[in-house]
Amino acid sequence: MAREDTASGGTAQDDSGHDFIRDIVRADLETGRIKQVITRFPPEPNGYLHIGHAKSICLNFGLAEEFGGRCHLRFDDTNPAKEAQEYVDAIQRDVRWLGFDWGEHLYFASDYFEQLYAWAEDLIRAGLAYVDDQSQEEIRANRGTLTEPGRDSPYRGRSVAENLDLFRRMRAGEFPNGARVLRAKIDMASGNINLRDPVLYRILHLPHPRTGTAWKIYPSYDFAHGQSDAIEHVTHSICTLEFEDHRPLYDWFIEHLDVPSRPRQYEFARLNLTHTVLSKRVLTRLVQEGHVTGWDDPRMPTLAGLRRRGVPAEAIRDFVKRIGVAKANSLVDIGMLDFSIRNVLNRRALRRMAVLRPLKVVIENYPEGKVEELEAANHPDDASAGVRKIPFSRELYIERDDFMEQPPKKFFRLSPGSEVRLRYAYFIRCTGVVRNSAGEVEELRCRYDPATRGGNAPDGRKVRATIHWVSAAHSLPAEVRLINPLFRTPVPSGGDDFAADLNPHSLEVLGGARIEPALADSSDAAPVQFERQGYFCRDPDSRPDRPVFNRTVGLRDSFAKELAKGGDPAQGA
RNA sequence: UGGGGCGUAGCCAAGCGGUAAGGCAGCGGAUUUUGAUUCCGCGAUGCGGAGGUUCGAAUCCUCCCGCCCCAGCCA
């Protein structure tokens with residue numbers, strides 16, 4: 001379970017923290033209640049994992065790592081109507097990618113169907129479960145409301161023999177879907193609605209991805225989850241807050257059944273992120289209705305999407321560490337995630353130059369046909385990353401944003417008459433502007449100072465800005481995709497009307513970008529920083545002649561902040 | 001108006017009767033061939049509110065207020 005690339009200096013402090021769950025585990029170990037901590041991450045294979053799951057994965061696997069225990073990966077595959085093998089595969093891939101290893105401990109709730117069935121019969125024999133013939137509507141009507149107790153089912157008093165017979169015939173497939181259910185006999189008047197005779201088994205004539213057509217009845221989550229934990233000797237069954245009032249039911253099964261261990265359930269607050277929806281239902285619709293290109297669309301908060309966007313697993317772990325674990329509902333600013341991404345990528349990404357929106361520059365006093373190879377550092381804070389050569393010539397491209405004809409007071413970049421440094425190259429001064437027929441700036445005429453080669457002036461004069469550039473003839477064309485928040489509202493509704501909150505600018509495609517030759521290797525999957533712009537990675541849509549880069553996250557931009565105080569983050573750059 | 005939870009700075013979050021950690025964001029400043037990074041400094045006489053217990057309360061008690069979850073044969 002060890003990870004090689006654990007965050008070092010600068011990342012969140014890696015003491016195991018003191019959240020309430022770690023405190024409980026620590027105490028259980030100290031008092032000897034348990035010898036070893038055993039947790040599990042229990043996804044239902046009905047969708048892809050997202051960053052909210054990452055919180056749970058890091059918690060469960062992290063606990064096991066920190067306290068020398070183990071963590072299982074168990075699929076809660078009790079509802080064949082929604083589940084698929086594709087999701088089982090994707091989930092395993094994503095957990096591994098996040099940096100965790102379940103070793104031999106891969107399980108499926110469906111592995112336990114036979115045992116669960118046997119326990120259901122035990123409950124019947126003990127007079128604690130019965131077959132109910134009521135329709136779904138009748139059951140609902142008799143469940144009562146939040147303030148009124150429910151009414152007992154007319155079938156609640158059936159004999160053990162009759163219940164056993166009926167339940168066996170349910171298993172045998174003698175009844176159609178919905179005809180009967182097996183219910184626990186607990187308390188129809190309980191203030192906790194989960195205790196009003198919850199459904200244990202329902203009839204579902206549906207093939208299961210793993211058990212095929214062997215079963216015609218499937219256990220409910222409540223009946224499967226705790227017992228599965230017990231079978232695996234899970235010590236701490238960690239789930240989210242909405243299961244808090246299932247805990248009495250969880251404990252009821254553990255008490256009344258002859259289970260091999262007694263797990264305890266603890267609940268923590270799930271992750272909420274601004275400008276993000278983490279509802280599997282909505283994410284599934286985004287994919288199915290084509291609002292995004294797939295589960296791995298770089299705009300998606302799925303692990304597959306984040307990975308494709310270029311977010312390192314380490315950044316997600318760093319983020320999760322920073323947000324902590326508690327019971328208070330909270331809404332984390334998406335900027336926190338951006339911070340963790342930059343934090344990791346700043347250390348890791350090699351620097352390169354790329355011009356996203358090119359503006360041609362002709363250096364009038366630079367000889368035609370001449371090419372120089374200038375040396376540039378691959379990482380400003382890490383000499384061991386080495387250097388590369390960048391070709392310089394008479395015709396260049398610079399970023400359109402780096403030139404303004406009528407610059408405001410605090411604009412230090414290029415403007416008519418001003419001098420700037422071309423990074424790792426020369427000082428240049430703008431001497432003229434060439435326009436097209438529409439009057440738009442089409443080209444800049446500049447003069448360079450040959451004495452400033454490499455970027456330093458022997459006379460000690462300073463420039464106020466350094467801008468990036470590429471040689472027109474030597475640079476390569478590329479497509480650059482700017483990934484912006486999928487939702488424009490800070491707190492999207494997440495309801496059926498989710499589409500109204502979608503950010504129309506979530507994806508900006510820049511078709512005319514130019515990248516320096518060092519970026520030519522199309523097999524290089526390493527993250528890079530396009531200097532002064534952000535962190536990027538190659539998208540799988542790349543073709544050898546047509547590289548495509550995703551902007552993982554932009555660099556902090558205090559100048560932009562200065563210009564547009566309180567801008568709209570959904571708008572992007 | 002039933003049951004279960006939760007309220008500490010703009011956002012996360014420590015704190016467990018001894019006098020409010022840390023991070024993100026923000027704001028200053030230093031360094032800088034990325035307006036990046038890095039570094040330094042700044043924020044609660046106050047912990048949802050009101051009472052009470054105590055030498056001492058964010059921590060204990062009482063009442064009140066606010067927010068979240070639960071009425072699937074989903075998980």
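Convention: sequence-line order gives letters A, B, ...; per-chain numbering from 1. What you see is a predicted model; the values in this text were computed from it and never measured.
- Applying the 4.0 Å criterion to OP1 and OP2 of B:rA36, one finds that A:S558 has a side-chain N or O inside that range.
- If you check B:rC73, B:rU34, B:rC24 against the side chain of A:R351, the one that comes closest is B:rU34.
- Nearest nucleotide to the A:D245 side chain, out of B:rA75, B:rG3, B:rC73: B:rG3.
- Contact annotation: A:R322 does not reach the phosphate of B:rA13 (side-chain N/O to OP1 or OP2, under 4.0 Å).
- Picking from B:rU34, B:rU1, B:rC70 the nucleotide with the shortest atom distance to the side chain of A:R423 gives B:rU34.
- Contact between the side-chain N/O atoms of A:K561 and the OP1/OP2 oxygens of B:rG26 is found at a separation under 4.0 Å.
- Closest contact between the side chain of A:I193 and the listed nucleotides B:rA14, B:rC12, B:rA71 involves B:rA71.
- Within a heavy-atom distance below 4.0 Å of RNA chain B, the residues of residues 177-186 of chain A found are A:G178, A:V181.
- On a pure distance criterion of 3.5 Å, no polar donor-acceptor pair joins the side chain of A:R464 and the base of B:rG35.
- Within 4.0 Å (heavy atoms only), A:Y201 reaches no atom of the nucleic acid at all.
- The residue A:R143 sits close only to the backbone: its heavy atoms come under 4.0 Å of sugar-phosphate atoms, none of a base.
- Side-chain proximity of A:A326 to B:rA14, B:rA75, B:rC11: nearest is B:rA14.
- Checked against ring pair (Phe, Tyr, Trp, His ring centres under 6.0 Å), A:F108 has the following partners two or more places apart in sequence or in another chain: A:F75.
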